[in-house]
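Accompanying notes for the structure given below.
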Amino acid sequence: MDRYTGIFNDPEDSATDDRHISLIKEEYFSRLMEFLPAVIYTCDAQGKITYYNKAASAFWGFSPEIGTDLYFTGWRAYTIEGQPLPSDQTPMAKTLQYGKPFTEEIILENAQGLKRYIQPLPKPIFNTSGTLIGVLNMHIDITQRYQLRMQALENERKQELYNKKVQSRYEKMIDEVQDYAIIMLDKEGNIISWNKGAEKIKGYTADEITGKNFREFYFQNDLENKLPDMLIEEAFLKGRVVHEGWRRRKDNSRFWASVVITAVHDDEDNVVGFTKVTRDLTERKLSEERIKQYTTELEQKNKALEQYASIASHDLQEPIRKVEVFTGMLKSKINSPEAASVYADKITDATQRMSKLIKEILQYTRTTAESLFEDINLNATLHNVITDMELIINDKNAVINNSGLPEIKGISIQLYQLFYNLISNSIKFNDSTPVIDIFSEDAPVAEIAAFKQLQQDISYYKFTIRDNGRGFDNKYSERIFEMFERLDNSAKGTGIGLALCRKIVENHHGHITAISRENSGTDVLIYLPK
């Protein structure tokens, strides 16, 4: 069994220059934000800009003065419909006013008159007393997605106008038209005439189909749901019915049909039959599905960018803290080459770890999740987590016991985040010396059967992270994994850590739960496929 414990002994009590550390923090934060292609800026509670990245300056068309210019200096806002939007009604203004995020889509026009469709993501910032001290805002550019959506709506509108024009010329084109299946039906839906377009689209000749019922063109599930009968009935009652759906050709292949059934009346206004006009819109249907898929992919990428800021700030906290601490120690030992070399090596290790984390997070936002699955040595993952958490482990004299973990298929950065968050919580919510046991076993079949979301025909590992911390009332065992839920309001944090853990486990097709009692520690149980 591996045993990790941390007790840091500084041979000399060195004074830390708080201002210098603060500048280092600001420098690393600024560098991190400059990696992002999205507009990011912060303002204080009065709306004065306190920070912005290069993407923000490029978007605004100028560089505002920190601490002087307001966040809306130099640009104009409009509603998503294009109506002028007062600055005090923008999402950022409402977030400052009410202390909670407002994320409605808007249009922003910069100093050069360039307009972009924007999804703002303002996040209020509070001090330890709960007072709003500012807002962090990120802009997601949704111009392309919005234009696609508008283009799709315009295409649909044009299609409707075109259908009306075709309907008005129905009788003139009925004889020779080949792009439409134009059919005459009697009152019972039997076919009494058949044009060349019907033969082309549906595959039947007039001799083959005349006299048969139009139900011939529907698949079995539509027949069982009595769709043809409902269409005829609606056309009889309302005079006309329009429908789109999959239809059957003679060779049993399917096509996406746009169908108009119109009741035909005699001089006394009695229904004597129906005209049925069918268009093959398979290509349009496939195009719409491709557009829908593309829009979904854009939304997923936008969400990935949202997560990036949270993940990056969360995972880089401990390496940054190590750089800060060891930089101070290096300064105090600058005249001792051996000691200075040790601290320089630790700073190098921490910066290399930060670089690796940034690269992995960027790769995660740019690549589909499934393509990132690889063989992961969880012992190595746990070792990296413990190395990055060296300072907090030392601070709390934490003891971490690992009995050896298996190798699984997974996403490296996500599994790192999973163990990082769980171990961090176990140390944070402990009023004595933290002792954390991490072990795995084959998951019992009976336990897998209790979780309906898990596949019942494959094997799973069961991972246990056990601590001796405060624990909690077991009735909250599911609630703790909800976004922004914190059972201990005195603790610092955003409340996203355990929610992120659940999302990571779900991404790996597994399940996470917790068993705890107040003041008696907690067992976090994770089930992952072998």
Side-chain angles (χ1 to χ4, degrees), residues 1-7 318 376-390 392-408 410 414-448 450-451 454 460-482 485-488 491 493 497-506 508 510-530:
M1 174 182 292
D2 298 326
R3 181 179 180 88
Y4 301 91
T5 183
I7 302 176
E318 202 59 31
I376 303 296
N377 184 329
L378 291 180
N379 291 309
T381 300
L382 183 59
H383 174 76
N384 288 337
V385 171
I386 292 171
T387 300
D388 288 345
M389 299 182 69
E390 176 184 1
I392 189 173
I393 291 173
N394 290 346
D395 289 344
K396 298 277 289 201
N397 295 330
V399 177
I400 303 176
N401 300 312
N402 169 27
S403 61
L405 300 178
E407 185 176 277
I408 67 169
Q414 290 195 0
L415 292 174
Y416 172 92
Q417 293 164 349
L418 176 65
F419 282 101
Y420 185 101
N421 277 287
L422 294 176
I423 293 174
S424 176
N425 275 3
S426 293
I427 295 175
K428 183 192 306 181
F429 298 108
N430 195 312
D431 299 323
S432 58
T433 300
V435 177
I436 304 168
D437 295 313
I438 302 173
F439 54 92
S440 66
E441 59 186 312
D442 291 339
V445 175
E447 291 185 29
I448 299 301
F451 305 120
L454 298 181
Y460 287 80
Y461 286 117
K462 176 183 177 181
F463 298 88
T464 302
I465 294 87
R466 175 174 294 161
D467 65 47
N468 62 337
R470 301 175 198 168
F472 56 86
D473 192 324
N474 210 47
K475 68 181 181 180
Y476 299 118
S477 61
E478 291 302 319
R479 177 181 162 188
I480 62 171
F481 295 103
E482 297 294 332
E485 284 287 350
R486 291 184 297 164
L487 302 183
D488 184 353
L498 289 179
L500 180 62
C501 288
R502 181 166 70 176
K503 181 63 176 176
I504 291 171
V505 173
E506 290 174 351
H508 287 75
H511 179 71
I512 185 170
T513 187
I515 300 174
S516 182
R517 294 183 180 85
E518 292 186 88
N519 303 315
S520 298
T522 300
D523 283 6
V524 176
L525 309 177
I526 303 169
Y527 300 84
L528 294 175
K530 287 189 175 182

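Given the structure is predicted, the values throughout are model-derived calculations rather than measurements.
Glu447 meets the salt bridge (Lys or Arg N to Asp or Glu O under 4.0 Å) test with Lys462; sequence neighbours excluded. Partners of Tyr460 under the ring pair (Phe, Tyr, Trp, His ring centres under 6.0 Å) rule, at least two apart in sequence or in another chain, do not exist in this structure. Tyr461 is linked by a side chain to side chain donor-acceptor pair (under 3.5 Å) to nothing, counting only residues two or more places apart in sequence or in another chain.
In this structure, the side chain of Asn377 does not engage the main chain of Glu407 through any donor-acceptor pair within 3.5 Å. Using modelled atom types, no side-chain atom of Thr513 and backbone atom of Leu525 make a donor-acceptor pair closer than 3.5 Å.
Proximity of Phe419 to Leu405: side-chain heavy atoms (C-beta onward) are separated by under 4.5 Å at one or more points. Looking at heavy atoms from C-beta onward, Ile427 lies in side-chain contact with Met389 at the 4.5 angstrom threshold. Side-chain contact between Asn421 and Gln417: present, with at least one pair of heavy atoms (C-beta onward) separated by less than 4.5 Å. Asn425 has its side chain out of reach of Asp467: every pair of non-hydrogen atoms, C-beta onward, lies at least 4.5 Å apart. Using a 4.5 Å cut-off on side-chain heavy atoms (C-beta onward), Leu415 and His508 make contact.
Atom CD1 of Ile392 sits about 7.5 Å away from atom NZ of Lys428, to the nearest 0.5 Å.
Between Asn430 and Ser432, the side chains place a donor N or O and an acceptor N or O closer than 3.5 Å (distance only, hydrogens not considered).
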